[in-house]
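Reviewing the structure listed below.
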Amino acid sequence: MENRDIARMFERVADLLEIQGANPFRIRAYRTASLTIEGIATPLASLIGQDDGKALQKLPGIGKDLAGKIVTIVRTGSLPLLAELSRHTPESLVTLLQIPGLGPKRAKLVHEALGVETIDQLQAAAAAGRLGRIRGFGKATEQSILRAIEQSRLKQVRLRLTEAEAIVRPLVESLRRVPGVERLEIAGSFRRRLETVGDIDILVSASDPAPVVDTFTRHPSVVTVQASGDTKCSVVLRRSLQVDLRIVPADSFGAALQYFTGSQAHGVAVRTIAVKRGLKLNEYGVFRGDERIAGREEEDVYRAVDLPWIPPELRENRGEVEASAAGRLPRLVEVADIRGDLQMHTTSSDGRHTLEQMAVTAETRGYDYIGITDHTQSLRIAGGMSADGFRRQFHAIEALQKRLETLTILKSAEVDILEDGSLDLDEATLAELDVVVIAVHSRFQLPKEAQTRRIVRAMQHPAANILAHPTGRRLNRREPYPVEMREIIAAARDSGVLLEMNATPERLDLNDAHAAMAREAGVKLVISTDAHRMHELDWMRHGVDQARRAWCEPQHIANTRPLAEFRKLLRKR
DNA sequence: GCCGTTTTCGGCCCGACTGTTTTCAGTCG
């Protein structure tokens with residue numbers, strides 16, 4: 001039973017309670033607890049000792065009752081309350097809540113009035129005109145629910161950050177050019193640099209809102225307009241990406257930015273502090289009575305509640321508010337701290353650009369060192385090289401090195417981890433490499449124990465230096481292979497192998513939670529782009545984003561070190 | 001259901017838009 005499973009059960013309880021019209025604060029308690037649990041890297045099961053979950057009560061939003069329920073879930077795998085609730089409300093009703101515009105009250109209403117339990121039944125009822133006859137519903141509501149159902153059937157999963165960025169860019173550029181637009185920021189999970197985003201929140205301050213709304217709702221990239229008011233509009237772009245626009249006065253821009261950047265849990269935590277200080281915090285500012293005491297800049301808003309400004313990447317209510325209050329926020333790693341890139345490919349295997357092209361691009365970026373990590377022979381589909389191929393590459397590197405001014409090229413390879421955990425390169429060639437990167441590229445479906453054993457064994461090879469993309473996931477394409485991350489991290493700590501944070505936008509592997517676990521265990525991380533083209537060296541910032549979400553400082557990231565120090569972080573062999 | 005340098009009871013973050021209604025409930029973020 002993983003934390004995510006427990007969090008989902010609480011979320012389900014909250015949904016069912018909401019449909020049943022329970023006390024809203026009780027519902028919120030379950031939702032808050034669910035968010036808390038989701039954000040904790042340590043498995044809750046490991047926090048339960050002999051004390052029946054007393055340790056759990058130290059977590060924010062977890063009291064005696066919920067601690068007890070967590071213990072029950074961990075011990076039995078189920079929650080009696082859930083079964084009890086679903087006796088009164090079919091669990092399938094919860095799926096209706098996924099339809100935008102249909103909340104718990106209406107879900108309950110359509111169930112009671114028409115016996116509707118599923119989205120299919122809801123669609124049929126709406127199409128037949130039965131929905132509009134329910135008291136409180138009307139033709140317009142019926143039509144909008146019908147549209148929402150059709151939309152939701154098209155809707156994919158959350159888009160990767162870079163996909164959403166590309167889709168929304170033309171719209172954002174048009175908005176910036178509207179006369180009277182003073183400031184514009186994308187807030188929400190985009191600003192917090194989550195790996196995927198559900199929608200985009202654009203915040204604008206403008207002397208005259210009307211032309212901003214006009215440009216927004218009439219932009220050629222807009223597929224449908226969902227809502228359009230004086231200060232708030234909502235549209236849908238391709239791939240069902242919803243974009244919300246808020247227009248606020250310049251005096252409120254900072255407060256609005258704080259408000260709409262979220263996360264919700266972070267916002268609640270900060271507003272609760274404001275309330276305790278006798279202040280009110282909303283998207284228009286910080287107020288003492290009717291007097292606005294802050295609002296123009298985000299820094300002012302935090303200062304008004306006695307907190308140093310908190311970087312957006314930390315705003316998940318995972319302890320950042322407490323850290324800020326105590327003056328102990330981390331100095332997060334930045335792209336400018338990165339001195340080298342330890343994974344990239346060339347035309348020698350599956351890269352699209354030559355060794356020289358990659359090296360020159362890296363030198364232009366100001367890096368001190370790079371590792372060239374072409375694939376080894378078992379990865380035929382990626383043009384993996386034999387030992388002879390690597391020898392030829394070594395000569396090419398030595399020749400090129402003489403012509404470079406500041407960049408050092410490290411001889412490296414992305415050595416395939418074979419099914420039994422051995423490495424796909426002979427010992428002599430391994431010994432000639434400056435850095436040995438190891439990675440799994442096959443047999444993803446091995447059982448968790450076998451997969452973990454395989455990787456740990458490879459890490460124990462004395463030549464291994466860096467474990468690349470440790471879970472093998474590709475966002476929205478391939479689930480991570482089953483692997484016990486705690487054992488991988490323990491093996492890294494024991495062996496001195498560095499763990500990679502792969503910065504490829506569809507990988508981001510390790511993710512933020514795993515990276516935080518590694519950091520807490522004292523394991524050093526490496527952020528690498530895994531570039532296959534020159535411009536993909538720019539992906540470094542996506543890896544840095546995730547490292548920042550994991551509270552990483554430069555000291556936690558090995559490739560922030562100058563080359564000599566970086567070499568010292570590599571294990572002796 | 002959680003929480004506590006005003007409290008172990010009585011609070012709990014806040015506002016915009018839509019549709020249906022006639023003063024507001026529902027939903028969303």
Side-chain angles (χ1 to χ4, degrees), chain A residues 10 13-14 17-19 21-36 56-70 81 96-110 131-145 147-148 187-190 192 197-203 209 213 217 225-235 242-248 252 255-256 258-287 301 305 317 321:
Chain A
F10 281 175
V13 168
L17 285 173
E18 198 159 24
I19 292 169
N23 176 354
F25 299 110
R26 185 179 172 214
I27 296 165
R28 184 196 295 170
Y30 278 98
R31 290 208 197 285
T32 308
S34 174
L35 277 172
T36 302
L56 294 173
Q57 294 184 43
K58 291 204 171 63
L59 299 170
I62 309 283
K64 195 172 174 200
D65 182 272
L66 290 181
K69 289 196 166 76
I70 292 169
L81 173 64
L96 296 188
L97 301 182
Q98 294 165 11
I99 306 298
L102 194 76
K105 296 290 194 318
R106 286 172 172 168
K108 187 182 187 194
L109 216 50
V110 297
L131 220 52
R133 292 202 288 272
I134 303 175
R135 182 169 168 75
F137 284 63
K139 268 280 161 251
T141 304
E142 184 172 79
Q143 285 309 304
S144 81
I145 286 177
R147 273 198 310 274
S189 49
F190 183 95
R192 302 201 311 279
V197 296
D199 59 21
I200 295 283
D201 305 289
I202 302 177
L203 199 62
V213 170
T217 54
V225 178
Q226 293 204 313
S228 179
D230 296 337
T231 64
K232 181 179 171 179
C233 315
S234 184
V235 300
Q242 182 174 327
V243 184
D244 299 328
L245 171 72
R246 294 291 297 242
I247 304 164
V248 298
S252 298
Q258 196 280 330
Y259 190 93
F260 289 109
T261 295
S263 66
Q264 198 176 2
H266 173 85
V268 169
V270 175
R271 287 192 288 282
T272 303
I273 289 180
V275 169
K276 282 182 186 159
R277 284 167 170 56
L279 305 170
K280 186 176 74 166
L281 170 57
N282 59 27
E283 62 259 57
Y284 297 110
V286 184
F287 297 88
V301 171
V305 295
N317 199 27
V321 175

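Computed over heavy atoms, backbone and side chain alike; hydrogens, waters and symmetry mates excluded. A, B, ... follow the sequence lines: proteins, then strands. Residue 1 opens every chain.
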Practice prompt. Let me know, please, whether A/Gly229 or A/Arg271 comes out on the 5' side of the other along DNA chain B by nearest nucleotide.
Written response: A/Arg271
Worksheet item: When the nearest nucleotide of DNA chain B is assigned to A/Pro104 and to A/Leu59 on a heavy-atom basis, which residue is associated with the more 5' position?
Response: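 Result of the comparison: A/Leu59.
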Classify the nucleic acid contact of [X] as base, sugar-phosphate or nothing, counting any heavy atom under 4.0 Å across all strands shown.
| X | result |
| --- | --- |
| A/Arg28 | base |
| A/Pro100 | sugar-phosphate |
| A/Gln264 | base |
| A/Lys276 | nothing |
| A/Thr32 | nothing |
| A/Leu281 | sugar-phosphate |
| A/Ile99 | sugar-phosphate |
| A/Lys108 | nothing |
| A/Gly267 | nothing |
| A/Ser228 | sugar-phosphate |
| A/Tyr259 | base |
| A/Asp230 | sugar-phosphate |

Practice prompt. Using the salt bridge (charged side-chain N to carboxylate O under 4.0 Å, His left out) rule, collect all pairs that involve residues 56-70 of chain A, keeping only residues at least two apart or in two chains.
Written response: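 Found A/Asp65-A/Lys69.
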Worksheet item: Applying salt bridge (charged side-chain N to carboxylate O under 4.0 Å, His left out), which residue pairs with at least one partner in residues 258-285 of chain A are found, sequence neighbours left out?
Response: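 Every salt bridge (charged side-chain N to carboxylate O under 4.0 Å, His left out) pair that includes a residue of residues 258-285 of chain A, provided the two are not neighbours, is A/Arg246-A/Glu283, A/Arg277-A/Asp306.
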Worksheet entry | A/Val321 to A/Ala269 - nearest heavy-atom pair and separation | CG2-CB, 4.1 Å
Worksheet entry | Minimum heavy-atom distance between A/Leu97 and A/Pro104, given as atom pair plus value | CD2-N, 3.6 Å
Distance between the [atom1] atoms of [N] and [M], in whole angstroms?
| N | M | atom1 | answer |
| --- | --- | --- | --- |
| B/dG29 | B/dC13 | C1' | 12 Å |
| B/dT7 | B/dG11 | C1' | 9 Å |
| B/dT18 | B/dT5 | C1' | 44 Å |
| B/dC14 | B/dT21 | P | 31 Å |
| B/dG26 | B/dT20 | P | 14 Å |
| B/dC17 | B/dT8 | P | 41 Å |

Worksheet item: Given Watson-Crick or G-U pairs with both distances under 3.5 Å, what dot-bracket string fits DNA chain B, with | for other-strand pairs and [ ] for crossing?
Response: ((((....)))).((((((....))))))
Discussion item. I'd like to know whether CG of A/Asp230 has more than 12 heavy-atom contacts from other residues, nucleotides or ligands below 6.0 angstrom.
Written reply: no
Worksheet item: Who are the ring pair (Phe, Tyr, Trp, His ring centres under 6.0 Å) partners of A/Tyr30, not counting sequence neighbours?
Response: A/Phe10
Discussion item. Among residues at least two apart in sequence or on other chains, which ones pass side-chain contact (heavy atoms from CB on, under 4.5 Å) with A/Ala67?
Written reply: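 For A/Ala67, the residues satisfying side-chain contact (heavy atoms from CB on, under 4.5 Å) (neighbours in sequence not counted) are A/Leu56, A/Gln57, A/Ile62.
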Worksheet item: On DNA chain B, which is the earliest and which the latest nucleotide, 5' to 3', with an atom closer than 4.0 Å to a heavy atom of chain A?
Response: B/dG1 to B/dG29
Item to complete: Please list, chain by chain and in numerical order, all residues satisfying side-chain hydrogen bond (donor to acceptor under 3.5 Å, both in side chains) with A/Ser34, sequence neighbours excluded.
Response: A/Glu11
Item to complete: Name all residues meeting the side-chain hydrogen bond (donor to acceptor under 3.5 Å, both in side chains) criterion together with A/Asn282; count only those two or more places apart in sequence or in a different chain, and write none if there are none.
Response: none
Fill in: Partner residues of A/Lys139 under the salt bridge (Lys or Arg N to Asp or Glu O under 4.0 Å) criterion, sequence neighbours left out
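For A/Lys139 the salt bridge (Lys or Arg N to Asp or Glu O under 4.0 Å) partners, ignoring immediate neighbours, are A/Glu142.
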